[in-house]
*Asks:* 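Sending over a structure as structure tokens; questions will come in a sec.
Basis for what follows: all heavy atoms, side chains included, without hydrogens, waters or symmetry-related copies.
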Amino acid sequence: MPKPKDDFDTLYGYLLYEPADILDPDYMYTVGEIARLMQGLSPQDDLSEETEDRIIQWTIPWIVANQEDFVINDPRNDEPGYFGLHPDAVPEADEA
């Protein structure tokens with residue numbers, strides 16, 4: 001059921017990153033690692049299973065919405081898939 005905005009103490013703007021804003025173009029990341037980066041965490045930070053599941057639920061639609069900015073590997077054995085920046089999504093360095 002919808003709630004009035006007055007019921008909330010704090011409201012934030014809804015901002016989403018561009019993939020190039022948070023991913024290093026030289027690395028590939030799991031969905032969980034991308035989810036951590038989107039929260040301002042290190043990709044290696046330990047999270048409870050519940051917290052990781054929650055942030056992954058927010059990350060998957062973001063990856064799908066930005067699919068043109070990603071490349072993915074061919075997973076080996078039981079390894080997860082890894083995502084990286086598509087070369088066209090990497091901003092060119094400013095030339096001085």
*Asks:* So, do Met38 and Ile55 sit near enough that their side-chain heavy atoms are less than 4.5 Å apart?
*Replies:*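 When only atoms from C-beta onward are counted, Ile55 and Met38 do not touch, as no gap falls below 4.5 Å.
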
*Asks:* With a 4.5 Å limit on heavy-atom distance, are the side chains of Leu41 and Leu47 in contact?
*Replies:*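 Yes, their side chains come closer than 4.5 Å.
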
*Asks:* How far does NE2 of His86 sit from CD of Gln67, to the nearest 0.5 angstrom?
*Replies:*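 Output value for this atom pair is 11.5 Å.
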
*Asks:* Look at the side-chain heavy atoms of Ile, Leu, Val, Met, Phe, Trp and Tyr, link any pair under 4.5 Å apart, and say whether Val31 and Met28 land in one connected group.
*Replies:*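 Cluster IDs for Val31 and Met28 differ.
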
*Asks:* Nearest 0.5 Å please: distance from the CG atom of Leu85 over to the CD1 atom of Ile22.
*Replies:*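 CD1 of Ile22 is found 8.5 Å from CG of Leu85.
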
*Asks:* Within a 6.0 Å radius of atom CG on Asp7, are there more than 12 heavy atoms belonging to other residues, nucleotides or ligands?
*Replies:*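 Result for CG/Asp7: enclosed.
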
*Asks:* Restricting to ring pair (Phe, Tyr, Trp, His ring centres under 6.0 Å), what partner residues turn up for Trp58, sequence neighbours left out?
*Replies:*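 So Trp58 forms no ring pair (Phe, Tyr, Trp, His ring centres under 6.0 Å) with any residue.
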
*Asks:* How about Trp62 and Asn66: do any of their side-chain heavy atoms sit closer than 4.5 Å?
*Replies:*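 They are in side-chain contact.
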
*Asks:* Are Thr30 and Tyr82 close enough that some pair of their side-chain heavy atoms sits under 4.5 Å apart?
*Replies:*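 Sidechains of Tyr82 and Thr30: in contact.
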
*Asks:* Would you indicate whether Glu50, at its atom CD, is surrounded by more than 12 heavy atoms from other residues, nucleotides or ligands within a distance under 6.0 Å?
*Replies:*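 Open: at most 12 neighbouring heavy atoms sit under 6.0 Å from CD of Glu50.
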
*Asks:* Do Tyr17 and Leu37 make a side-chain contact, defined as non-hydrogen atoms from C-beta onward lying under 4.5 Å apart?
*Replies:*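 The answer is no, as the side chains (C-beta and beyond) never meet within the 4.5 Å cut-off.
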
*Asks:* Do the side chains of Arg36 and Gln44 get nearer than 4.5 Å, heavy atoms only?
*Replies:*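 Sidechains of Arg36 and Gln44: no contact.
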
*Asks:* Could you grab the distance from atom OG1 of Thr51 to atom CG of Asp46, nearest 0.5 Å is fine?
*Replies:*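 So the gap between those two atoms works out to 11.5 Å.
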
*Asks:* Between Pro80 and Pro75, which heavy-atom pair has the shortest distance, and what is it?
*Replies:*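 That closest heavy-atom pairing would be O-CB, 4.2 Å.
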
*Asks:* For the CD atom on Glu49, are there more than 12 heavy atoms of other groups (residues, nucleotides or ligands in this structure) within a distance under 6.0 Å?
*Replies:*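 Open: at most 12 neighbouring heavy atoms sit under 6.0 Å from CD of Glu49.
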
*Asks:* Does some side-chain heavy atom of Ile34 sit less than 4.5 Å from a side-chain heavy atom of Phe70?
*Replies:*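 Phe70 reaches Ile34 side chain to side chain.
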
*Asks:* Between atom CD of Glu52 and atom OG1 of Thr59, what is the distance when rounded to the nearest 0.5 Å?
*Replies:*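 So the gap between those two atoms works out to 9.5 Å.
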
*Asks:* What is the minimum heavy-atom distance between Pro87 and Val71, and which atoms define it?
*Replies:*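 The answer is CD-CG1, 4.3 Å.
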
*Asks:* For residues Val90 and Pro25, report the shortest heavy-atom separation together with the two atoms involved.
*Replies:*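 Closest heavy-atom pair between Val90 and Pro25: CG2-CB, 3.6 Å.
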
